[in-house]
Amino acid sequence: MTESTTRTPMDREFFDRPVLEVATGLLGRVLSRTTPEGTVAVRLTEVEAYAGELDPASHCYRGMTARNAVMFGEPGHAYVYFTYGMHFCVNLVCGPDGTASAVLLRAGEIVEGAELARARRNGSPDRDLARGPARLCQALGIARELNGADVCVPGELMIHEGAPVPAPLVRSGPRTGVSSAHDTPWRFWVEGDPSVSPYRRHVPRNRRGQAAPGA
DNA sequence: CCTCGGATCATCT
DNA sequence: GATGATCCGAGGA
């Protein structure tokens, strides 16, 4: 009898615009994920822009592959990828069909379904439930099967109007953890929001078995 | 608060 | 074979 709140998805036209406009415009919006277990929703507080084939940090920099194909398609769909052998991250595709820009959803504040989110996050402090792109996916139950999902129609993954964040509250800086284009300030967040993730620069991993040469 | 190392596998070269 | 749009726990300041 507890029906989930009726919500209206955002228009696809919102996503059919330049990536930086979409990125800043997404702050304050709400992403909801519904499964048989229930609904979890987050208010987005941190995102990063990736500008398709011209952006050295983008998964599309070297053209279309099986993994990134969704990014080249219709705006308003989810691009979900698996990384570090254990984590998922989610982007929302933007720009015209045929181009390959997207916005990585990095962090948010849980606004519905906190109990389910806590269960999925297994003891994490509330502040950290969706503080980071892989944590956000874990809290929402987003995984591979949602790659390509349309977030502009009612369904298991939907983007909602929410309350857009006024421009004076939006801050920007370098993207987190990327190994190139470090000078491009395309990470955007809500000033002062506790759910914004800490910045970490890219760190090349240790090379196993590549011991220092004898001399 | 910070820094550091390990986990673990899909993807690309 | 190497790397990665990350996270977590341990240990130090």
Side-chain angles (χ1 to χ4, degrees), chain A residues 19-20 22-24 26-27 31 42 44-72 77-95 99-108 110 117-148 171-189 192 194-213:
Chain A
V19 63
L20 297 185
V22 175
T24 54
L26 276 172
L27 294 173
L31 183 72
V42 292
L44 300 173
T45 59
E46 181 187 356
V47 299
E48 279 175 4
Y50 288 87
E53 296 176 280
L54 300 176
D55 179 359
S58 169
H59 287 172
C60 294
Y61 186 51
R62 291 178 169 81
M64 184 160 48
T65 66
R67 176 175 73 157
N68 67 26
V70 169
M71 281 181 74
F72 287 83
H77 290 251
Y79 164 51
V80 178
Y81 69 92
F82 183 65
T83 191
Y84 287 99
M86 65 196 89
H87 298 303
F88 292 97
C89 297
V90 62
N91 297 249
L92 299 182
V93 176
C94 62
T99 65
S101 294
V103 177
L104 172 69
L105 308 184
R106 287 199 54 90
I110 304 289
R118 286 187 198 105
R120 287 178 174 145
R121 290 278 303 137
N122 192 31
S124 164
D126 274 13
R127 152 191 271 207
D128 294 344
L129 288 176
R131 192 180 189 221
R135 291 166 166 178
L136 184 150
C137 280
Q138 189 179 17
L140 294 189
I142 292 174
R144 190 184 310 284
E145 68 272 15
L146 287 175
N147 188 40
R171 295 290 180 276
S172 67
R175 292 174 290 187
T176 303
V178 302
S179 56
S180 58
H182 192 272
D183 53 336
T184 305
W186 285 355
R187 173 185 182 228
F188 302 96
W189 67 91
S195 67
V196 173
S197 71
Y199 174 75
R200 291 175 195 142
R201 89 178 194 288
H202 175 75
V203 180
R205 64 186 281 167
N206 292 340
R207 297 178 185 181
R208 294 177 302 180
Q210 184 161 340

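Each chain gets a letter, A, B and so on, in the order the sequences are listed, and its residues count up from 1. Remember, it's a predicted structure, so these values are computed and weren't measured experimentally. Worth knowing before you read on, the calculation uses all heavy atoms, side chains too, and leaves out hydrogens, waters and symmetry mates.
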Write down the partner of dA5(C) under the Watson-Crick or G-U wobble criteria, each distance required to be under 3.5 Å.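 Matched dA5(C) with nothing under the 3.5 Å cut-off.
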Suppose we define a pair by two distances each less than 3.5 Å, Watson-Crick or G-U wobble; what does dG12(C) pair with here?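 Checking every strand shown, dG12(C) finds its partner in dC1(B), with both distances under 3.5 Å.
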Regarding [X], tell me which of base, sugar-phosphate or nothing describes its non-hydrogen contacts under 4.0 Å with the strands shown.
| X | result |
| --- | --- |
| Ala57(A) | base |
| Arg67(A) | sugar-phosphate |
| Arg121(A) | sugar-phosphate |

Using every non-hydrogen atom in the two residues, find where [X] and [Y] come nearest and quote the distance to one decimal.
| X | Y | value |
| --- | --- | --- |
| Thr99(A) | Cys94(A) | OG1-O, 4.2 Å |
| Leu146(A) | Gly141(A) | CD1-O, 4.4 Å |
| Leu27(A) | Thr45(A) | CD2-C, 3.4 Å |

Looking at Arg175(A) and Glu48(A), is there a salt bridge between them, counting it only when a charged N and a carboxylate O are closer than 4.0 Å?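 Salt bridge between Glu48(A) and Arg175(A), a charged N being under 4.0 Å from a carboxylate O: no.
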From C-beta outward on [X], which listed nucleotide comes closest to its side chain: [options]?
| X | options | result |
| --- | --- | --- |
| Arg200(A) | dC7(C), dA5(C), dA10(B) | dC7(C) |
| His202(A) | dG4(C), dA5(C), dT6(C) | dG4(C) |
| Ser179(A) | dG4(C), dT6(C), dT11(B) | dG4(C) |
| Met86(A) | dT8(B), dA10(B), dA5(C) | dT8(B) |
| Tyr84(A) | dC7(C), dC12(B), dG4(C) | dG4(C) |
| Arg135(A) | dC7(C), dA5(C), dT11(B) | dC7(C) |

Do we see Tyr81(A) stacking on the base of dA5(C), given a limit of 5.5 Å between centres and 30° between planes?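 Taking the rule of under 5.5 Å and under 30°, the ring of Tyr81(A) does not stack on dA5(C).
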Using the rule for Phe, Tyr, His and the six-membered ring of Trp, do Tyr50(A) and dA5(C) stack at under 5.5 Å and under 30°?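 Check passed, Tyr50(A) stacks on base of dA5(C).
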OP1 or OP2 of dT6(C) versus the side-chain N and O atoms of Arg106(A): is any pair under 4.0 Å?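 Answer is yes, contact under 4.0 Å.
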Taking atom OH of Tyr79(A) and atom CZ of Phe72(A), what is their separation to the nearest 0.5 Å?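 So the gap between those two atoms works out to 10.0 Å.
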Check: His59(A) side chain, dA5(C) base, donor-acceptor under 3.5 Å: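 Flag set: donor-acceptor pair detected.
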